[in-house]
S.K.: 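Dropping a structure here in structure tokens format, bear with me for questions.
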Amino acid sequence: MMSLEDQLATGMREATTGLVPPPDLIDRAARANRRRRNRFAVVASGLSVVAVLAVVYAIAATPKAAPQQPATSPSASPQLLSPMDIAQQAIAVLNGDAVEHVQIVGSFSKSHDQSWTEIWSDPAANNTWIAEPVPHKITAPVGDTVPWMPANLRQKLGGDLRPMGTEQINGRPAVRFHLPAKDAEEDLWVDTATYQVVRLRIVLADSRSSLGDHITTMDFAWFTRTPGAMPSFSFTPPPTTRK
Amino acid sequence: MCRMPAVRALPDAVEATYGPAASSLVSDERKPMTDAYAGLSELMHRRGRDLLAAATLLAGGRTTGEDLLQAALERTMRAWRRIDGDPEAYLRRILYHLAVDGWRLRRRRPELLIEAEPPAQPDSADSIALRHALVQALVQLTPKQRATLVLRFWEQLSEAETAEALGCSPGTVKSTTSRALARLRRIAAPWSSDLDTGVRP
């Protein structure tokens, strides 16, 4: 005679004997995951279109707008938005076609060695310029490309984020988010007024290296690309840049 | 003009210059699915039967069990790059938490609700009928009671391990188990002659 617990355990084994997962279960999960991301992107794209149209209207009303205006204007007072709302707004802004400028500085925690690169990417013209570091180490291809950084930033902002408070980045308030990562510490800053990503820092711990942890800091600037702004928009890569 | 080589090469060039930290700058959107989740496919190949069995017991049926396991896989894919440690443990944790937190069970009743007939006169087939009735009766429990019983009596975890898996105290596991078994015992009353009335320590 068996106890209730033993009868239950045996019954569970009997009820599940012979169960085999369908071979396409992983594919189904991957498709569902992709659909979820696409739905998210569609919503973000819609917000972006509204934001871009608002900027176009604003620039048309003020023809002498400065070329370095933000790609979008905030639709609400930043004080009314939570950090996660700001992250969502940042995703919408990244869906625009702003010209992207990234200054990348590589450094080490135990060394003064640094390397740098500047990248300009114009998604509308399908052009990317890369400023060569000194000495000339990088041999990156230039020319026709698609902006890879906005997609990456959107992905990061759509994942797990931990708001870390507001800090000043280049004299402007920005919300700092910490991104839990498997193999690196990542922090990302979003301007609270323009919702533009202004900085991404990645720290890769390396206890075996005499140089210490590897730190990559990427400072972003986004230039408006609208019909109203383009006549006064002058895109001149520095002399060290080759196309 | 060719786009794809440049798309691949640009992050590679940055990574070559700035080391492996920059590898996280390469978006998952450009990775083939089979490469991106290769470890997960291998895990399902090895442990898929056990995982589906657990999901079936948690969800109350084969079809809903597959749905539950698929939802857990999807959640795991979202965090795939950040999982530090055993991916199976992470997947199982998601599976049980989804089941307990309601998942779709709040909106949809489990699919198996057929009540087993108690015996008129006990015979040798009654033990099988009893076990069948007990498994069927799992769907009448709350999701947390069901998850607790699956962890304790199918996964064979201790109270402490069950508590860790569900993110609650061992005392909660003990009381939940007790209430769930009491409910099953009432359902199994017609088979009382097939049951040892002793209580498992």
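Note on naming: letters A, B, ... go to the chains in the order of the sequence lines (proteins, then strands), and numbering restarts at 1 for each one.
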S.K.: Testing the basics here: between B:L73 and A:A29, what is the closest heavy-atom pair and its distance to 0.1 Å?
M.R.: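 Shortest heavy-atom separation between B:L73 and A:A29 comes out as CB-CB, 3.7 Å.
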S.K.: I need the A:T10 OG1 to B:I128 CD1 distance, nearest 0.5 Å.
M.R.: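 A:T10 atom OG1 to B:I128 atom CD1 measures 11.0 Å (nearest 0.5 Å).
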S.K.: Determine the option with the most heavy-atom pairs under 4.5 angstrom with chain B, choosing from A:G11, A:G18, A:G159.
M.R.: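 If we count pairs closer than 4.5 Å to chain B, A:G11 comes out on top.
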S.K.: Tell me the closest heavy-atom pair linking B:R62 and A:P22, and the distance in Å.
M.R.: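 In terms of heavy atoms, the two residues are closest at NH2-CD, 4.4 Å.
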S.K.: Could you pull out the closest heavy-atom pair between A:L8 and B:L138, with the gap in Å?
M.R.: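 Looks like CD1-CD2, 4.3 Å.
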S.K.: Which pair of non-hydrogen atoms, one from A:A32 and one from B:E74, has the smallest distance, and what is that distance?
M.R.: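 Answer, listing the atom of A:A32 first, then B:E74: CB-OE1, 3.4 Å.
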S.K.: Can you name the salt bridge (charged side-chain N to carboxylate O under 4.0 Å, His left out) partners of B:E164, sequence neighbours left out?
M.R.: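 For B:E164 there are no salt bridge (charged side-chain N to carboxylate O under 4.0 Å, His left out) partners, ignoring immediate neighbours.
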S.K.: If you count heavy atoms of other groups shown closer than 6.0 angstrom to NE2 of B:H45, is the number above 12?
M.R.: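 Atom NE2 in B:H45 is not packed in, count stays at 12 or less.
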S.K.: Look at B:L184, B:T177, B:L57 and state which one has the largest set of heavy-atom pairs under 4.5 Å with chain A.
M.R.: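 Highest number of heavy-atom pairs under 4.5 Å: B:L57.
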S.K.: What distance separates B:L134 CG from A:Q7 CD, expressed to the nearest 0.5 Å?
M.R.: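 These two atoms lie 7.0 Å from each other.
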S.K.: Taking atom CG of A:L4 and atom CZ of B:R185, what is their separation to the nearest 0.5 Å?
M.R.: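 Reported value, rounded in 0.5 Å steps: 4.5 Å.
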S.K.: For B:R92, look at atom CZ and say whether over 12 heavy atoms of other residues, nucleotides or ligands are found less than 6.0 Å away.
M.R.: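 More than 12 within 6.0 Å, yes.
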S.K.: Measure across A:M12 and B:F153 and return the closest heavy-atom pair with its distance rounded to 0.1 Å.
M.R.: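 Answer, listing the atom of A:M12 first, then B:F153: SD-C, 4.3 Å.
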S.K.: Mind listing the closest non-hydrogen atom pair of B:S41 and A:I26 along with its distance?
M.R.: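 Taking every non-hydrogen atom into account, OG-CG2, 3.9 Å.
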